[in-house]
Amino acid sequence: MAETFRAQMAAYGPGSGAWRLFVVRFGESDWPEHNWARTTPVPTPVERAEALADLGYEVAGAEWEWLEYSTVPNDPASPVRLLAAVSVRETTGGGVT
């Protein structure tokens, strides 16, 4: 069975205007990543799959999981951020990282 990794996607930085998708590779200094120069709309599942394919990965039979968290911990009135995650595996031949 192929090794699986965790891909995560979030809109980074207040007012950054960008969604960032990256594959978590513990023990490595540079993680494969893809950026969209927008915060809306949220990248679609097709866009995410294409970005992962460009990085040499594919979703490993699971759906994206979404988590919301406050920008100020323990303050329910603070703005909410979204983080998405999914298991991925390398595709044959890999991609550009």
Open item on the list: Among residues at least two apart in sequence or on other chains, which ones pass salt bridge (Lys or Arg N to Asp or Glu O under 4.0 Å) with Arg25?
Closed with: Glu28, Glu90
Task: With sequence neighbours excluded, residues passing side-chain contact (heavy atoms from CB on, under 4.5 Å) with Leu82 - done: Trp19, Trp66, Glu68
Open item on the list: For Ala49, give me all partners under side-chain contact (heavy atoms from CB on, under 4.5 Å), at least two apart in sequence or on another chain.
Closed with: none
- [ ] Mark yes or no for whether Arg38, through its side chain, and Pro41, through its backbone, hold a donor-acceptor pair below 3.5 Å.
- [x] yes
Open item on the list: On a heavy-atom basis, which atom in Thr39 and which in Ala18 lie closest, and how many Å separate them?
Closed with: CG2-N, 3.5 Å
Task: Set of residues satisfying side-chain contact (heavy atoms from CB on, under 4.5 Å) with respect to Val46, sequence neighbours excluded - done: Thr44, Glu50
Open item on the list: Surrounding CG of Asp30 (heavy atoms of other residues, nucleotides or ligands, distance under 6.0 Å), is the total greater than 12?
Closed with: no
TODO: For the pair Thr91 (side chain) and Gly56 (backbone), establish whether a donor and an acceptor sit closer than 3.5 Å, ignoring hydrogens and angles.
DONE: yes
Open item on the list: How close do Glu3 and Arg89 get, counting heavy atoms only, and between which atoms?
Closed with: O-CB, 3.7 Å
Open item on the list: In the structure I gave you, are the side-chain heavy atoms of Ser70 and Asp75 within less than 4.5 Å of one another anywhere?
Closed with: no
- [ ] State, to 0.1 Å, how close Ser78 and Thr71 come at their nearest heavy-atom pair, and which atoms those are.
- [x] OG-N, 3.4 Å
Task: Remaining members of hydrophobic cluster (4.5 Å side-chain criterion), Leu67 - done: Tyr69, Leu83
Open item on the list: Can you list everything that forms a ring pair (Phe, Tyr, Trp, His ring centres under 6.0 Å) with Trp31? Sequence neighbours excluded, please.
Closed with: Phe22
Open item on the list: Under the rule for side-chain contact (heavy atoms from CB on, under 4.5 Å), what residues qualify as partners of Ser87, not counting sequence neighbours?
Closed with: Arg6, Ala60
Task: Listed partners of Glu63 passing salt bridge (Lys or Arg N to Asp or Glu O under 4.0 Å), at least two apart - done: none
TODO: Kindly compute the distance separating NE2 (His34) from CE (Met9), expressed to the nearest 0.5 Å.
DONE: 10.0 Å
Open item on the list: I'd like to check Leu21 versus Leu55 (side-chain heavy atoms, cut-off strictly below 4.5 Å). Are they in contact?
Closed with: yes
